[in-house]
> 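Next up is a structure, given as structure tokens.
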Amino acid sequence: MAIIDSELRQPRKLKKDTLRVVPLGGLGEVGRNMTVYEINGKLLVVDCGVLFPEDSQPGVDLILPDINYIEDRLDDIVGVVLTHGHEDHIGAVPYLLKRRADIPLIGSELTLALVEAKLAEHRIKPFTLTVREGDIETFGPFECEFVAVNHSIPDALAVFIRTRAGKVLHTGDFKMDQLPLDGRLTDLRHFARLGEEGIDLFLPDSTNAEVPGFTPTEKNIGSVLSNVFRDARQRIIVASFSSHVHRVQQVLDAAHERGRKVVLVGRSMVRNMTIAEKLGYLHVPENTLVDLKKIDDYRPDEIVMMCTGSQGEPMAALSRMATGDHKIQVEEGDTIVLASSLIPGNENSVFRVINALLKLGADVIHKGNAKVHVSGHAAAGELLYCYNILQPKNVMPVHGEVRHLIANGNLAIETGIPAENVLLCEGGTVVDLANGKAEIVGQVKCDYVFVDGKSVGEITEEDLKDRVTLGEEGFVSIVSVVDRKRKRVVAGPDIHTRGVAEEEKVFRDITPKIAKALEDALSQAPGKTYTNHQLQQIVRRTIGAWVARRLRRKPMIIPVVVEASSDDKN
């Protein structure tokens with residue numbers, strides 16, 4: 001396989017009638033999906049999603065694609081194609097449209113409805129074009145044909161892009177469920193027609209490329225949920241993605257069968273399911289859905305609550321229930337169902353929530369102990385079918401961690417695609433397509449862009465390291481007042497700690513050494529003057545070495561050196 005060389009510099013100038021493909025996220029990670037296509041001065045973007053933070057990124061709300069590569073070329077974007085309505089594919093759209101609000105958004109009915117509701121919260125009214133499977137639309141030099149694909153959310157689409165340089169099939173997230181809940185199959189006949197036309201570059205979903213065989217059908221879940229609901233003694237709380245319409249439908253059906261009422265918990269869950277019901281993608285059985293305010297009108301064994309938090313997100317409803325920070329308090333005997341797969345990187349957060357719920361006396365059902373979820377992504381057997389049907393000339397696996405991308409690339413090679421035509425890329429890799437040949441030609445900057453409250457892009461990796469240090473090692477501040485004329489410390493050093501187990505009196509041994517180090521610096525030969533910053537660094541080194549040796553810790557150290565006024569009598 002052609003593997004990205006991290007030493008590659010800026011790509012060469014793009015030639016006329018050559019298609020450039022640059023992923024700005026979604027490779028090497030599960031989330032933050034965004035790919036930019038460029039030919040003859042125009043750009044087409046496919047997806048614009050977010051990545052959710054891990055434990056090593058405290059305080060971060062979301063992680064966005066790095067659009068630095070196209071920052072000064074937003075006017076060249078002819079459209080943003082959205083393959084489906086999950087957050088990892090649409091969540092960053094508001095942040096892109098804040099820079100240019102009239103970028104056309106192209107997608108299916110449900111996808112655009114979910115995006116429009118999200119944009120309304122940002123006071124952005126977008127220009128949208130609704131498309132269906134089989135539609136063909138032209139955006140500048142790009143002709144796009146849309147193909148029905150099956151996923152864990154209705155109305156997902158793959159996009160086939162025709163350009164003067166060649167033809168590209170970008171699947172988005174997909175699987176080949178042969179018994180989908182909505183009856184909408186991945187259109188393999190359409191795929192076959194595109195294969196006959198010729199595919200120069202194939203960008204397939206890689207998330208389940210390591211999983212052998214075929215992804216189980218969604219219909220298997222309905223009977224399992226029904227049995228769980230039958231055996232539950234008190235309240236049932238089901239956690240899922242707020243956009244997982246199929247899973248909510250199955251919960252509604254199982255609740256109706258067992259005579260329970262369903263309460264939607266969480267703003268995003270209520271918003272998305274209201275949209276899905278209005279558009280006909282969600283069918284609510286009569287007298288099944290009730291408002292959260294009326295929950296006390298029913299016995300615990302008559303209630304099912306549908307909420308977010310299946311990935312252990314700190315601010316999601318289930319996580320807050322687990323910590324007792326939600327108006328709904330988990331009680332002994334409640335049944336909790338986590339109806340989702342674990343997204344790589346979220347394992348610790350999810351197990352922390354599970355453990356907390358178990359300590360509260362709840363029964364926790366999850367994919368590890370019951371078949372309460374099936375994946376929305378194609379397993380290895382389904383991907384092999386695709387390669388054999390499409391027979392693409394070049395392959396660039398997308399959507400997955402490095403291990404997923406490699407596994408997908410190996411599947412392509414097994415079906416006869418030359419190894420040199422399988423491109424293993426990462427965020428920011430630049431791929432050029434011309435004359436049926438795709439090759440890696442460079443690398444552009446593609447950093448994480450952190451959203452922290454109202455701050456976008458201002459938090460750096462160094463800031464996050466500081467936050468981790470504060471959380472794990474604690475904080476030590478040292479305040480000293482110096483008199484430069486008298487070349488001595490006139491007050492302090494005063495040491496204060498937070499998050500350090502040892503009492504502050506432990507630091508009495510080091511304060512004379514800090515004072516001596518400062519006075520030695522102040523007493524240097526004439527002409528040698530230390531700035532306050534340099535004095536602070538002397539303090540940092542002195543106490544840092546002592547703390548590391550004596551306490552075996554590396555806390556955050558904040559030295560403050562204040563210069564006394566010349567008339568100070570102390």
Side-chain angles (χ1 to χ4, degrees), residues 1-5 18-30 33-37 44 46-47 83 145 147 149 158-163 165-176 186 188 190-212 377-443:
M1 283 183 280
I3 301 176
I4 177 65
D5 181 354
T18 296
L19 178 66
R20 177 157 288 177
V21 184
V22 185
L24 298 181
L27 279 74
E29 60 203 1
V30 178
N33 297 283
M34 183 175 183
T35 306
V36 177
Y37 294 88
L44 178 73
V46 175
D47 289 327
T83 59
E145 182 172 347
V147 186
V149 292
V159 57
F160 185 61
I161 305 169
R162 297 182 180 90
T163 71
K167 300 162 187 174
V168 179
L169 178 59
H170 193 132
T171 67
D173 293 357
F174 84 107
K175 60 178 177 177
M176 294 184 187
T186 292
L188 296 182
H190 199 158
F191 272 17
R193 291 196 298 272
L194 298 178
E196 290 295 326
E197 182 178 333
I199 296 173
D200 297 294
L201 180 61
F202 183 38
L203 281 72
D205 176 6
S206 304
T207 312
N208 274 357
E210 287 186 310
V211 180
H377 303 271
E382 295 154 88
L383 292 170
L384 288 172
Y385 264 92
C386 282
Y387 287 124
N388 287 326
I389 291 171
L390 297 170
Q391 297 183 347
K393 295 178 183 176
N394 302 275
V395 174
M396 177 179 162
V398 295
H399 198 285
E401 296 182 350
V402 172
R403 58 194 173 96
H404 304 133
L405 305 180
I406 292 174
N408 202 349
N410 287 332
L411 292 174
I413 294 170
E414 285 181 33
T415 63
I417 296 171
E420 61 270 20
N421 292 358
V422 178
L423 309 181
L424 184 63
C425 304
E426 62 184 7
T429 301
V430 181
V431 173
D432 281 359
L433 174 68
N435 302 317
K437 178 63 177 175
E439 59 177 329
I440 295 172
V441 298
Q443 183 79 14

> Using side-chain heavy atoms (C-beta onward) and a distance below 4.5 Å, is Tyr37 in contact with Thr163?
no

> Closest heavy-atom contact between Pro212 and Ala379?
O-CB, 4.2 Å

> Run the side-chain contact (heavy atoms from CB on, under 4.5 Å) check on Leu194 and Leu169 step by step: do they pass?
CA-CA 9 Å; Leu194 298 178; Leu169 178 59; 4.3 Å; yes

> Determine the minimum heavy-atom distance between Met176 and Leu188, stating which atoms define it.
CE-CD2, 3.5 Å

> Say you draw a straight line from CG of Asn33 to OG1 of Thr83; how long is it, rounded to the nearest 0.5 Å?
7.5 Å

> Side chain to side chain donor-acceptor pair (under 3.5 Å) with His399: which of Asp47, Asp173, Asn408?
Asp173

> Could you please spell out the steps behind the side-chain contact (heavy atoms from CB on, under 4.5 Å) verdict for Glu197 and Phe160?
CA-CA 11 Å; Glu197 182 178 333; Phe160 185 61; 3.7 Å; yes

> Let me see the working for Leu405 and Leu27 under side-chain contact (heavy atoms from CB on, under 4.5 Å), right down to the final yes or no.
CA-CA 8 Å; Leu405 305 180; Leu27 279 74; 4.1 Å; yes

> Does any non-hydrogen side-chain atom of Arg20 lie less than 4.5 Å from one of Val441?
yes

> Sub-3.5 Å donor-acceptor pair from the side chain of Thr171 to the main-chain atoms of Asp205, do we have one?
yes

> Please examine the side chains of Ile161 and Leu44, heavy atoms only from C-beta on, and report whether any two atoms are closer than 4.5 Å.
yes

> Do Val398 and Phe202 make a side-chain contact, defined as non-hydrogen atoms from C-beta onward lying under 4.5 Å apart?
no

> How long is the gap from NE2 on His377 to NE2 on His404, to the nearest 0.5 Å?
9.5 Å

> For residues Gly409 and Pro397, report the shortest heavy-atom separation together with the two atoms involved.
N-CG, 3.9 Å

> Can you establish whether the number of heavy atoms outside Glu196 located under 6.0 Å from its atom CD is more than 12?
no

> Which one of Asn394, Asp432, Asn421 satisfies the side chain to side chain donor-acceptor pair (under 3.5 Å) criterion with Lys437?
Asn421

> I need the Ile406 CD1 to Leu411 CG distance, nearest 0.5 Å.
12.0 Å

> Can you tell if the side chain of Cys425 reaches within under 4.5 Å of the side chain of Met396, non-hydrogen atoms only?
yes

> Locate the shortest heavy-atom distance separating Pro392 from Val395; write the atom from each residue and the value.
CG-CG2, 3.8 Å

> Could you state the interatomic distance from CD1 (Ile389) to CG (Leu384), rounded to the nearest 0.5 Å?
11.0 Å

> Heavy atoms only: give me the nearest Ala378-Asn208 pair and the separation to one decimal.
O-CB, 3.1 Å

> Run Phe174 and Leu383 through side-chain contact (heavy atoms from CB on, under 4.5 Å) and show every step you take.
CA-CA 10 Å; Phe174 84 107; Leu383 292 170; 4.1 Å; yes

> Could you tell me whether the side chain of Phe191 reaches within less than 4.5 Å of the side chain of Val149, counting heavy atoms only?
yes

> Hey, are Asp200 and Lys393 close enough for a salt bridge, meaning a charged N less than 4.0 Å from a carboxylate O?
yes

> Any salt bridge linking Glu382 with Lys175? Criterion: basic side-chain nitrogen under 4.0 Å from a carboxylate oxygen.
no

